[in-house]
Amino acid sequence: MPQYFGKLQTTEQPWSIIGAVESIDKTDRTIHFNCTNSALKISILAPNLIRVRMWPNPPQPGRARGHRPYNGGQEIQSQPPLSKGGQEIKLSPPLSKGGQGGGQSKLHSVTLPDEEWEIVPFEVRETAEKIEIETAQILISVKRDRPAIECFDKSGKPFATDCERAMGWRAGATAGWKRIETDEHFYGFGQRTGLLDKLSEVKTNWTTDSLDYNSLTDEMYQAIAFYIALNPDRAYGIFFNTTFWSQFDIGAETPGVLRMETRDTELDYYIIYGPELAQILATYTQLTGRMPIPPKWALGYHQCRWSYESEDVVRELAREFRDRSIPCDVIHLDIDYMRGYRVFTWSPKRFPDPAKLIADLKAAGFKVVTIVDPGVKYEPEADYEIFDRGVENDYFVRTADGKLFHGYVWPDKAVFPDFMKPEVREWWGELHKSLTDIGVAGIWNDMNEPAIAERPFGDGGEHIWFPLDTPQGPDDDRTTHAETHNLYGLMMAKACAQGLQKLRGDRSFVLTRSGFAGVQRYSSVWMGDNQSLWAHLEMSMPMLCNMGLSGVAFVGCDIGGFAGNATAELFARWMQVGMLYPLMRGHSAMSTAQHEPWVFGDRTEQICREYINLRYQLLPYIYTLFWEAATTGTPILRPLLYHFPRDRTTYHLYDQVLLGPSLMAAPVYRPGVEHRAVYLPEGTWYDWWTGECYHGPTHILAYAPLERMPLYVRGGGIIAIEPVQQFVEERAIDSLKMRIWPGSGEWTLYEDDGHSFEHEKGVWATTNYQVYFEGGKMIVEIAAREGEFAICDREVTVEVVGVGEQQFTDDGTVRRLIF
């Protein structure tokens with residue numbers, strides 16, 4: 001159900017541009033530029049990271065709040081002007097402590113505070129024309145007459161350079177303009193439909209319920225204002241640090257110019273130099289946070305539908321998976337498990353004994369994940385404790401005039417928690433106890449953009465949405481929904497994740513539809529309500545890759561499509577692609593045909609079984625990729641340009657993907673197709689199925705009957721494989737196979753118990769593998785196991801594909817194998 005906030009009204013008011021530098025002040029980490037009509041501050045946070053902040057007026061002593069200064073008394077609207085019935089609505093300025101103006105506080109910040117970065121050395125040089133700041137990796141130059149920021153790498157190549165206009169403001173907005181360099185391409189921007197490269201597009205950051213989205217949709221469920229710009233010889237990233245409505249124009253209006261605009265009172269952004277994408281993402285996720293390692297069972301196959309409407313249906317579903325030997329770890333319960341859509345309740349008719357159901361499912365190897373929406377049913381006379389307690393403690397959002405705000409969602413008339421208040425997040429987290437006490441292992445947060453019904457169910461037919469002037473946050477740090485709207489889903493996910501961490505002894509699974517930069521710290525993300533269309537299958541890969549390039553690695557799309565009816569062929573191809581998704585979940589909507597693997601006939605069922613089996617075989621490899629994402633911010637699913645940034649052919653290649661560093665897939669996205677073109681970048685590549693060897697860069701025509709998704713492995717690739725299980729914890733694994741393809745390579749296997757928090761105390765193990773040629777032989781070196789996690793002696797088979805294999809009992813000691 002999409003949510004509308006009114007029609008944006010554009011303004012023709014000219015931009016006021018930042019004036020000349022009159023003087024500068026320096027500290028051990030900042031350079032403050034005093035300009036004729038504004039202030040500019042550059043903070044040096046790391047050798048490759050700077051923060052740029054510009055205020056239309058210099059901050060006045062005692063008038064700053066949080067980390068954003070007072071706007072000097074200038075009236076700047078904090079959101080796009082809205083209209084209703086053709087009449088423009090004037091919105092109140094943000095509320096703040098003591099009634100003062102200002103913007104976002106530290107409470108609402110998603111970035112690591114400046115003072116928590118280690119102080120790094122830098123040099124400042126002044127001339128009559130400019131001020132230069134140099135770190136160990138970059139040079140920043142600021143002109144005195146028009147303070148445009150120019151950035152250069154050590155070889156003198158420019159990046160993230162301002163246009164002549166540089167920075168400016170007008171009523172309701174601040175903006176910055178960057179030069180798009182020749183042969184520069186743009187990726188990331190969070191959740192985006194369409195192709196991989198976003199050059200010549202406009203991207204708006206405003207969380208929206210994007211039902212029926214397509215390749216041209218702009219606003220989506222997630223709002224992550226971060227992008228990576230790539231040239232063949234350098235790359236940089238920019239994080240636009242604003243929670244207000246914001247927008248990137250990547251050369252659409254003016255070719256060669258990137259505009260970033262926000263309805264905030266200051267311009268605030270970070271520049272991250274690479275030159276490699278891995279370094280950019282490592283720094284960006286250090287800035288905004290990294291994901292925790294999820295429980296290993298969350299990497300298995302998830303099955304969901306709106307809705308498995310009763311206990312009997314769920315039990316039959318579980319029996320089908322086990323009887324048909326199709327691995328599955330998780331069953332999701334959608335909104336119909338609740339009593340009249342009241343959150344934290346169970347339907348006594350449909351689920352009369354949820355504790356017994358969950359216990360029986362657990363005995364069969366299934367974890368249960370339940371959906372939780374933010375809308376709390378408005379029931380003042382019904383003894384609904386969630387509502388009563390929330391009203392009693394003033395936990396729900398109120399309008400500017402103090403009235404309890406309500407909208408219409410699944411439970412009909414509903415109120416909404418103010419997740420910006422710490423005490424509300426703590427309360428909401430504790431409410432999950434009613435679910436975790438009976439064995440629920442994960443929570444699925446939905447409708448948290450926040451979504452409100454497109455049509456009302458009451459109130460005289462008036463359409464209701466969240467007013468942007470609605471106060472939110474604690475009394476001593478109050479702001480408005482215009483500032484916190486994009487944070488609503490993030491803060492709900494945070495409340496959920498922190499609550500589960502307190503309530504459950506083991507790692508939990510959290511899934512969210514809406515979020516903001518930093519959502520990876522609390523939750524996995526799926527791409528919302530897609531459709532059973534070939535176009536949506538094809539669109540899933542660039543969407544998930546751009547999420548990974550935005551710091552969010554644990555992502556997935558609904559396999560088979562949520563809305564509509566998949567054909568057998570579409571479902572089979574989607575399951576092959578879904579095997580690669582970090583989050584592998586099948587899901588379908590009410591009123592659509594069933595979308596379980598066996599409903600499409602024997603041939604499709606066998607294809608689904610084979611690829612889910614392959615997913616489970618690859619879990620040691622995939623689990624290691626999750627560890628890498630948790631420790632370095634590296635994406636799990638990667639576009640080819642991530643590992644081949646000098647190869648221009650990869651810049652627009654959206655229909656092939658790398659799972660980790662070694663395994664490349666070239667899925668089929670069209671009906672009736674049994675061959676497809678595949679690009680193999682520089683190096684040696686091996687067909688996963690046949691072992692055939694190719695030398696890149698080259699294009700080949702791959703044979704791809706319905707049973708086969710083309711898969712390739714880089715020469716020197718090392719992939720750990722374990723025996724198939726029907727669920728992750730079915731039995732102790734006493735054997736492991738390391739498949740190695742001829743060439744030179746290195747890879748580290750990560751292991752822990754897969755479910756507890758002991759790995760945070762050092763109870764983990766890593767084993768490094770290296771392969772190389774020496775004297776006409778293939779040498780495989782296995783380093784001594786590191787870490788405190790104890791692994792029972794197991795049989796390890798090392799197979800050099802096409803050469804031979806050796807087997808040994810793995811006791812964690814050094815080994816050198818010759819092939």
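Values below: every heavy atom of this structure, side chains too, minus hydrogens, waters and symmetry copies.
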Closest non-hydrogen atom pair between Gln191 and Gln222, with its separation: OE1-N, 3.0 Å
Glu596 and Arg324 ion-paired at < 4.0 Å: no
Point-to-point distance, once rounded to the nearest 0.5 Å, from CE of Met584 to SG of Cys557: 13.0 Å
For the student: nearest non-hydrogen atoms of Pro327 and Val724, plus distance: CG-CG1, 4.2 Å
Glu774 side-chain N/O to Lys777 backbone N/O, donor-acceptor pair under 3.5 Å: no
Full working for side chain to side chain donor-acceptor pair (under 3.5 Å) between Glu795 and Thr809: CA-CA 5 Å; Glu795 292 301 309; Thr809 299; 2.7 Å; yes
Check: Arg585 and Leu511 side chains under 4.5 Å, non-hydrogen atoms: yes
Heavy-atom donor-acceptor pair, His595 side chain to Gly586 backbone, under 3.5 Å: no
Check: Met541 and Tyr581 side chains under 4.5 Å, non-hydrogen atoms: yes
Heavy atoms from other residues, nucleotides or ligands near CD of Glu786 exceed 12 (cutoff 6.0 Å): no
More than 12 heavy atoms from other groups under 6.0 Å of OH on Tyr772: yes
Check: Val800 and Leu817 side chains under 4.5 Å, non-hydrogen atoms: no
Ion pair check, Glu538 and Arg676, cut-off under 4.0 Å: no
Value rounded to 0.5 Å, distance of CG in Asp752 from CD1 in Ile293: 5.5 Å
His587-Trp444 aromatic ring centre distance below 6.0 Å: yes
Spacing of Gln807 atom CD and Thr797 atom OG1 [to the nearest 0.5 Å]: 4.0 Å
Check against side chain to side chain donor-acceptor pair (under 3.5 Å), Asp197 and Tyr654: CA-CA 8 Å; Asp197 184 4; Tyr654 68 90; over 6 Å; no
Stepwise side chain to side chain donor-acceptor pair (under 3.5 Å) check, Asn565 with Thr592: CA-CA 6 Å; Asn565 299 324; Thr592 67; 4.5 Å; no
Minimal non-hydrogen separation, Ser735 against Pro723, with atom names: OG-CG, 3.4 Å
Stepwise side-chain contact (heavy atoms from CB on, under 4.5 Å) check, Met778 with Val771: CA-CA 7 Å; Met778 285 292 304; Val771 57; 2.9 Å; yes
Sub-4.5 Å side-chain heavy-atom contact between Glu751 and Trp764: no
Asp602 atom CG: more than 12 heavy-atom contacts under 6.0 Å: no
Heavy-atom check, side chain of Phe808 versus side chain of Val798, under 4.5 Å: yes
Distance (rounded to the nearest 0.5 Å) between Thr650 OG1 and His185 NE2: 9.5 Å
Residues that Arg615 engages under side chain to side chain donor-acceptor pair (under 3.5 Å), provided they are two or more places apart: none
Closest approach of Met527 to Val525 (non-hydrogen atoms, all atoms of both residues): CE-CG1, 3.6 Å
Residue pair Lys198 / Asn546: nearest heavy atoms and the distance that separates them: CE-ND2, 3.8 Å
Near-ring test Trp297/Phe366, centroid separation under 6.0 angstrom: no
N/O donor-acceptor pair under 3.5 Å between Thr193 side chain and Ser215 backbone: yes
Aromatic centroids of Phe554 and Phe626 separated by under 6.0 Å: yes
Closest approach of Pro742 to Val803 (non-hydrogen atoms, all atoms of both residues): CG-CG2, 4.3 Å
Any Leu299 side-chain heavy atom under 4.5 Å of Pro294 side chain: yes
Exam field: side chain Glu181 to backbone Phe159, donor-acceptor pair closer than 3.5 Å: no
Donor-acceptor pair, side chain of Gln520 and main chain of Ser550, under 3.5 angstrom: no
Heavy-atom donor-acceptor pair, Tyr651 side chain to Pro645 backbone, under 3.5 Å: yes
Verdict with supporting geometry, Arg794 and Glu722, salt bridge (charged side-chain N to carboxylate O under 4.0 Å, His left out): CA-CA 11 Å; Arg794 62 187 172 191; Glu722 67 184 18; over 6 Å; no
Aromatic ring pairing Tyr301/Phe321, orientation class (parallel under 30°, perpendicular over 60°, tilted between): tilted
Aromatic ring proximity Phe189/Tyr227, centre distance under 6.0 Å: yes
Gap separating the SG atom of Cys693 from the CH2 atom of Trp741, nearest 0.5 angstrom: 13.0 Å
Pair Arg513 + Asp529: basic N to acidic O under 4.0 Å: yes
Residues Gln594, Arg305; criterion side chain to side chain donor-acceptor pair (under 3.5 Å); working and verdict: CA-CA 8 Å; Gln594 295 290 134; Arg305 179 171 170 80; 3.1 Å; yes
Pairs touching residues 634-648 that satisfy side-chain hydrogen bond (donor to acceptor under 3.5 Å, both in side chains), sequence neighbours left out: Asp183-Arg648, Glu276-Arg646, Glu628-Arg638, Thr632-Thr634, Arg638-His643, Asp647-Thr649, Asp647-Tyr679
Polar side-chain atom of Tyr611 near backbone of Glu707 as donor-acceptor pair, under 3.5 Å: yes
Note: Lys367-Glu729 ion pair, threshold 4.0 Å (strictly below): yes
Donor-acceptor contact below 3.5 Å, side chain Ser662 vs main chain Gly717: no
Greater than 12 external heavy atoms within 6.0 Å of Glu682's CD: no
Face-on cation placement of Arg573 at Trp534 ring, 6.0 Å and 45° thresholds: no
Test item: Thr285 side-chain N/O and Gly551 main-chain N/O as donor-acceptor pair under 3.5 Å: no
Within-4.5 Å side-chain heavy-atom neighbours: Pro275 and Asp153: no
Sole candidate of Trp627, Phe789, Tyr621 that passes ring pair (Phe, Tyr, Trp, His ring centres under 6.0 Å) when paired with Tyr750: Trp627
Cationic N near anionic O, under 4.0 Å, Arg507 to Asp753: yes
Side-chain (Gln576) to main-chain (Leu706) donor-acceptor, under 3.5 angstrom: yes
Side chain to side chain, Tyr703 and Asp687, heavy atoms closer than 4.5 Å: no
Electrostatic pair Glu605-Arg609, nearest N-O below 4.0 angstrom: yes
Asp810 with Arg815: basic N within carboxylate O range, under 4.0 Å: no
